[in-house]
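Just below is one structure, and these are the notes that go with it.
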Amino acid sequence: DVKVTQSSRYLVKRTGEKVFLECVQDMDHENMFWYRQDPGLGLRLIYFSYDVKMKEKGDIPEGYSVSREKKERFSLILESASTNQTSMYLCASSLRTSGSYEQYFGPGTRLTVT
Amino acid sequence: AQSVTQLDSQVPVFEEAPVELRCNYSSSVSVYLFWYVQYPNQGLQLLLKYLSGSTLVESINGFEAEFNKSQTSFHLRKPSVHISDTAEYFCAVTLYSSASKIIFGSGTRLSIRP
């Protein structure tokens, strides 16, 4: 079974802090994604990566950056956390050429910025 | 650009009653379609998908969805729901040409009353 793990289930940070959210997948997937999930808005793509050291902006990249130094790990960075970044953050991965296009999700990190 | 609309944010039903969760999409090109489910305090998981072939697709737990190209819809149905179906359901679409990137709807929260 594909497993996507996220470093924390719950996180509380103060405004202005630098925040790292870590995601690791164990199935050698090329693609990795970071979403944020807010009530009534569904999932919105922040950043995605097709390969090591490759990254592309999603729909809402402002205030975020990412790092992918190893194939299995994709980090989301909030350089200076703000209260409007309080949200549920979901990481996902998928095979680039599987033909199934299924994304596998981690359990999520609920981030609260005070 | 493609988009996904889930017309109902919440659907309450009684146990053993039928249910339909509605999903419409807009796209000028051919798409793949998905339904994902998110059980309480978990990440998303794929419920079913339409890639090609038969327009009626089924999941292992009794849900089905029908791709209707003329109405640009992909509604999800189940003839008799169970308490364990309580979850949030997301419709999603991706383009043939960019199948790694998925656009999600805003979600429908299905609540089952005993």
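Only this structure's heavy atoms are used, side chains among them; waters, hydrogens and symmetry mates stay out. Each chain gets a letter, A, B and so on, in the order the sequences are listed, and its residues count up from 1.
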By a 4.5 Å heavy-atom criterion (distance strictly below it), what part of [X] contacts chain B: side chain, backbone, both, or neither?
{"X": "A:Glu30", "result": "neither"}
{"X": "A:Arg9", "result": "side chain"}
{"X": "A:Asp59", "result": "side chain"}
{"X": "A:Leu43", "result": "both"}

Do [X] and [Y] share a hydrophobic cluster, counting only Ile, Leu, Val, Met, Phe, Trp and Tyr and linking them when any side-chain heavy atoms are less than 4.5 Å apart?
{"X": "A:Tyr104", "Y": "A:Phe74", "result": "no"}
{"X": "A:Leu45", "Y": "A:Tyr50", "result": "yes"}
{"X": "B:Val11", "Y": "B:Val4", "result": "yes"}
{"X": "A:Phe33", "Y": "A:Val66", "result": "no"}

Hey, are the side chains of B:Gln38 and A:Phe105 touching, using non-hydrogen atoms and a 4.5 Å cut-off?
-> no
Answer whether the closest heavy-atom distance between the side chains of B:Leu44 and A:Gln103 falls below 4.5 Å.
-> no
Just checking [X]: does its [atom1] atom have more than 12 heavy atoms from other residues, nucleotides or ligands closer to it than 6.0 angstrom?
{"X": "B:Glu16", "atom1": "CD", "result": "no"}
{"X": "A:Arg44", "atom1": "CZ", "result": "yes"}
{"X": "A:Asn84", "atom1": "CG", "result": "yes"}

Which heavy atom of B:Ser106 sits nearest a heavy atom of A:Gly40, and at what distance?
-> CB-O, 3.4 Å
Tightest non-hydrogen contact, residues A:Tyr35 and B:Ile102, listed as OH-O, 4.1 Å
d(B:Tyr36 OH, A:Glu102 CD) to nearest 0.5 Å is 5.5 Å
